[in-house]
Every structure is written in C-alpha cells, then in structure tokens.
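Side chains are part of it too, since the values below use all heavy atoms of this structure and drop only hydrogens, waters and symmetry mates. In listed order, ligands and their atoms are each counted from 1. Remember, it's a predicted structure, so these values are computed and weren't measured experimentally.
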Amino acid sequence: MTSARATMADMDIELALGDITTWEVDAIVNAANHTLLGGGGVDGAIHRAGGRAILEECRVLRADRYPDGLPTGEAVATTGGDLPARWVIHTVGPTWAKTKDKSDLLRSCFRTSLTVADELGASTVAFPLISAGVYRWPKEDAIIQALSTLRATSTSVRTATLVLYDEATHRLAQRLASS
Ligand code: AR6
C-alpha cells in the first residue's frame, strides 16, 4: 500500500493505492447497493473480509430502518466485523447515465458518509472510488467529484483517504489532485 498527501485543508485528503479492506482507519466506506446485502466489487470484498457480523447488522437495518432499501446518496454505518476498521459506512452511489447528470447524488455519498463518520466520532475515514466500477461512472469524473466534495465538506474527520484499486487510476488521481 502506498500513500501520498494530495491537499491540505481542515481535513487532510490523501490518495492511496491498494485494497481498502486492509486499511487501518476508524471507518471505511462501502460502495454498496440498495439492498445492503452485499454484491460484487468493493462491496463483495468488504463483506468477505469483514465476515458475518456486517451482514447481520445490514439485515437488521433493512428490517428496521430501510425496508425499501438504502436510498442512493445516503449512508449508514455498521460494525467493521473482522476488518481492521472499526466501522463500515455503507453508501449507494448512482449509476452513470450519459443523458442524466447524477453528480449531485455522487457528491451526496461523500457528504452523508462524512456526516455518519462525525456521528460515530471517526477521525480517519477511507473511501473507495464510489460508482466507478459496476455503476460505470467515468473514473476521471468520479475522482474530480470525490476530491472536490471532500475538499468542500465541513467535518470533524481529520483524514480522508481516497483508496484507488489499480495503478493507472492512482496515477490519474495524483495528476488530477495536483492540477
Ligand atoms: N479496494 C479498493 N477499491 C476497490 C476494491 C477494493 N478491494 N474493489 C474494487 N474497488 P464497485 P460501484 C474499486 O464496482 O461502481 C457492487 O456489486 C473499483 O475498481 O465496487 O459503486 C455493489 O453491490 C472501482 O474503482 O462499486 C453495487 O451493486 C471502485 O472500487 C455496485 O457494485 C468502485 O467499484 C456498486 O458499484
């Protein structure tokens, strides 16, 4: 895992390369889906590495708070189970659509995740590149939306790390962060 400081504001924003399930932070964010019951991509990796405790809490959340599923752009926390992170903050990104601008919803994922992190008292949070996999959001714009929203959001979180999963995306993020 590599890490480099990208910008300095009230909250430090870092870019990193690697598998977010290994991150030693207070909370990692999951690019989940409405069901909260797992899926592919980073969601599948988090549920596999975190174990049954995460799924059990997700089932309770579905039954009690989100019978129709977690809406796009919202966020909710569970235990981190067996992960190094204490909590997982699940959020649902929008699917990419050429004909409809859903960037408000993508930005909302970062804002609401930070609100949940504040409620938990988390001071270090790691984010994946929400929507940029199965949901097909172009990586360059996903990075721009992520960094600009993190920079603009008022929070008690001290460090947010954007964890990129492959070297090309990490290099792209470094270039965009410094431009
Ligand atoms: N660590 C860090 N980043 C990862 C990891 C990992 N272990 N695995 C994948 N990525 P995606 P989405 C990157 O598809 O587009 C699921 O089925 C990946 O390279 O995980 O929001 C859910 O259940 C990409 O850049 O999330 C939903 O149905 C980024 O994480 C749907 O996919 C996001 O890719 C959500 O799609």
Side-chain angles (χ1 to χ4, degrees), residues 1-4 6 13-51 54-55 57-59 61-62 66 68-78 80-85 87-98 100 102-113 116 124-147 149-150 159-177:
M1 127 178 151
T2 62
S3 183
I13 300 168
E14 298 182 346
L15 300 176
L17 170 65
D19 176 357
I20 200 169
T21 66
T22 66
W23 242 252
E24 295 186 10
V25 280
D26 294 332
I28 63 169
V29 174
N30 181 17
N33 60 51
H34 296 293
T35 71
L36 288 176
L37 301 179
V42 71
D43 191 11
I46 286 171
H47 278 277
R48 278 193 301 278
I54 298 177
L55 188 59
E57 279 195 29
C58 283
R59 288 200 172 117
L61 284 168
R62 277 303 305 279
Y66 301 105
D68 298 326
L70 182 66
T72 305
E74 294 192 19
V76 67
T78 65
D82 298 331
L83 296 169
W87 297 289
V88 175
I89 299 171
H90 306 262
T91 188
V92 181
T95 53
W96 167 257
K98 213 175 185 176
K100 190 161 184 228
K102 302 186 193 173
S103 46
D104 276 354
L105 286 168
L106 183 54
R107 297 170 75 88
S108 174
C109 290
F110 290 89
R111 280 195 298 268
T112 57
S113 295
V116 170
T124 52
V125 180
F127 289 83
L129 195 56
I130 299 164
S131 288
V134 173
Y135 286 173
R136 303 183 319 276
W137 204 283
K139 283 190 162 53
E140 178 161 342
D141 194 60
I143 293 164
I144 291 168
Q145 301 291 346
L147 292 178
T149 309
L150 290 171
T159 307
T161 306
L162 186 62
V163 180
L164 293 320
Y165 199 41
D166 60 86
E167 282 184 24
T169 311
H170 183 238
R171 272 197 305 276
L172 177 63
Q174 286 177 314
R175 183 167 63 72
L176 292 168

A.B. asks: Between A126, C109, A132, G38, flag the one that comes closest to atom 25 (O) of ligand 1 by a heavy atom.
C.D. replies: A132
A.B. asks: Please confirm whether the backbone N or O of L37 pairs with a side-chain atom of R59, one donor and one acceptor, at under 3.5 Å?
C.D. replies: no
A.B. asks: Within the structure, does A45 bring an N/O atom to less than 3.5 angstrom of an N/O atom in ligand 1?
C.D. replies: no
A.B. asks: Considering only heavy atoms of D43, which atoms of ligand 1 have at least one such atom less than 4.0 Å away?
C.D. replies: 22 (C), 23 (O)
A.B. asks: Could you tell me whether R136 and ligand 1 have an N or O pair separated by under 3.5 Å?
C.D. replies: no
A.B. asks: Tell me the nearest of F127, Y135, W96, W23 to atom 35 (C) of ligand 1, using heavy-atom distances.
C.D. replies: Y135
A.B. asks: With a heavy-atom distance limit of 4.0 Å, tell me whether A142 approaches ligand 1 through its side chain, its backbone, both, or neither.
C.D. replies: neither
A.B. asks: Apply side chain to side chain donor-acceptor pair (under 3.5 Å) to D104 and list each qualifying residue two or more places apart in sequence or on a separate chain.
C.D. replies: none
A.B. asks: So which protein heavy atom does atom 14 (O) of ligand 1 come closest to, and at what separation?
C.D. replies: V134 N, 2.8 Å
A.B. asks: For D19 and T22, which I'm curious about, is there any donor-acceptor pair between the side chains at under 3.5 Å?
C.D. replies: no
A.B. asks: Any N or O on G133 sitting closer than 3.5 Å to an N or O of ligand 1?
C.D. replies: yes
A.B. asks: Specify the protein heavy atom at minimum distance from atom 16 (C) of ligand 1: its residue, its atom name, and the distance to 0.1 Å.
C.D. replies: G40 O, 3.4 Å
A.B. asks: Side chains of L172 and I143: closer than 4.5 Å at any heavy-atom pair?
C.D. replies: yes
A.B. asks: Just to confirm my output: which protein heavy-atom neighbour is closest to atom 21 (O) of ligand 1, and how far is it?
C.D. replies: S131 N, 2.8 Å
A.B. asks: Looking at D82 and A49, would you say the former's side chain and the latter's main chain have a donor-acceptor pair under 3.5 Å?
C.D. replies: no
A.B. asks: Judged by non-hydrogen atoms, does G93 sit under 4.0 Å from ligand 1?
C.D. replies: no
A.B. asks: How close does the nearest protein non-hydrogen atom get to atom 20 (O) of ligand 1, and which residue and atom is it?
C.D. replies: V42 N, 2.8 Å
A.B. asks: What protein heavy atom sits nearest atom 29 (C) of ligand 1, and how far away is it?
C.D. replies: L129 O, 3.3 Å
A.B. asks: With side chains defined as the heavy atoms from C-beta onward, is the minimum distance between I28 and V125 less than 4.5 Å?
C.D. replies: no
A.B. asks: If you measure every N/O of N33 against every N/O of ligand 1, is any gap under 3.5 Å?
C.D. replies: yes
A.B. asks: Using a distance threshold of 4.0 Å (strictly less than), state whether atom 18 (C) of ligand 1 has a protein heavy-atom neighbour.
C.D. replies: no
A.B. asks: Tell me, which protein residue and heavy-atom name are nearest atom 26 (O) of ligand 1, and how many Å apart are they?
C.D. replies: A31 CB, 3.6 Å
A.B. asks: Is a side-chain donor or acceptor of T124 paired with a backbone partner of D26 at a separation under 3.5 angstrom?
C.D. replies: yes
A.B. asks: Can you name the closest pair of heavy atoms from E57 and T78 and give their distance?
C.D. replies: OE1-CA, 3.2 Å
A.B. asks: Can you find an N or O of D166 that's nearer than 3.5 Å to an N or O of ligand 1?
C.D. replies: no
A.B. asks: Check for me whether G18 has a heavy atom closer than 4.0 Å to any atom of ligand 1.
C.D. replies: yes
A.B. asks: Given side chains that start at C-beta, do those of H34 and P71 come closer than 4.5 Å, heavy atoms only?
C.D. replies: no
A.B. asks: Parallel, tilted or perpendicular: which one describes the rings of W137 and W96, with boundaries at 30° and 60°?
C.D. replies: perpendicular
A.B. asks: Taking L164's backbone N and O only, do any of them form a donor-acceptor pair with H170's side chain (distance below 3.5 Å, no angle check)?
C.D. replies: no
A.B. asks: If only side-chain N and O atoms count, and only distance matters, is there a donor-acceptor pair under 3.5 Å linking K102 with T72?
C.D. replies: no
A.B. asks: I'd like to know if the side chain of S108 and the backbone of G73 have a donor-acceptor N/O pair within less than 3.5 Å.
C.D. replies: yes
A.B. asks: Identify, for atom 1 (N) of ligand 1, the protein heavy atom at the shortest distance, and state residue, atom and that distance.
C.D. replies: I20 N, 3.0 Å
A.B. asks: For D19, counting its heavy atoms only, list the atoms of ligand 1 lying under 4.0 Å from any of them.
C.D. replies: 1 (N), 6 (C), 7 (N)
A.B. asks: Could you find the nearest protein heavy atom to atom 3 (N) of ligand 1 and give me its residue, atom name and distance?
C.D. replies: Y165 CB, 3.5 Å
A.B. asks: For G39, take its heavy atoms, then give the atoms of ligand 1 lying under 4.0 Å from any of them.
C.D. replies: 17 (O), 23 (O)
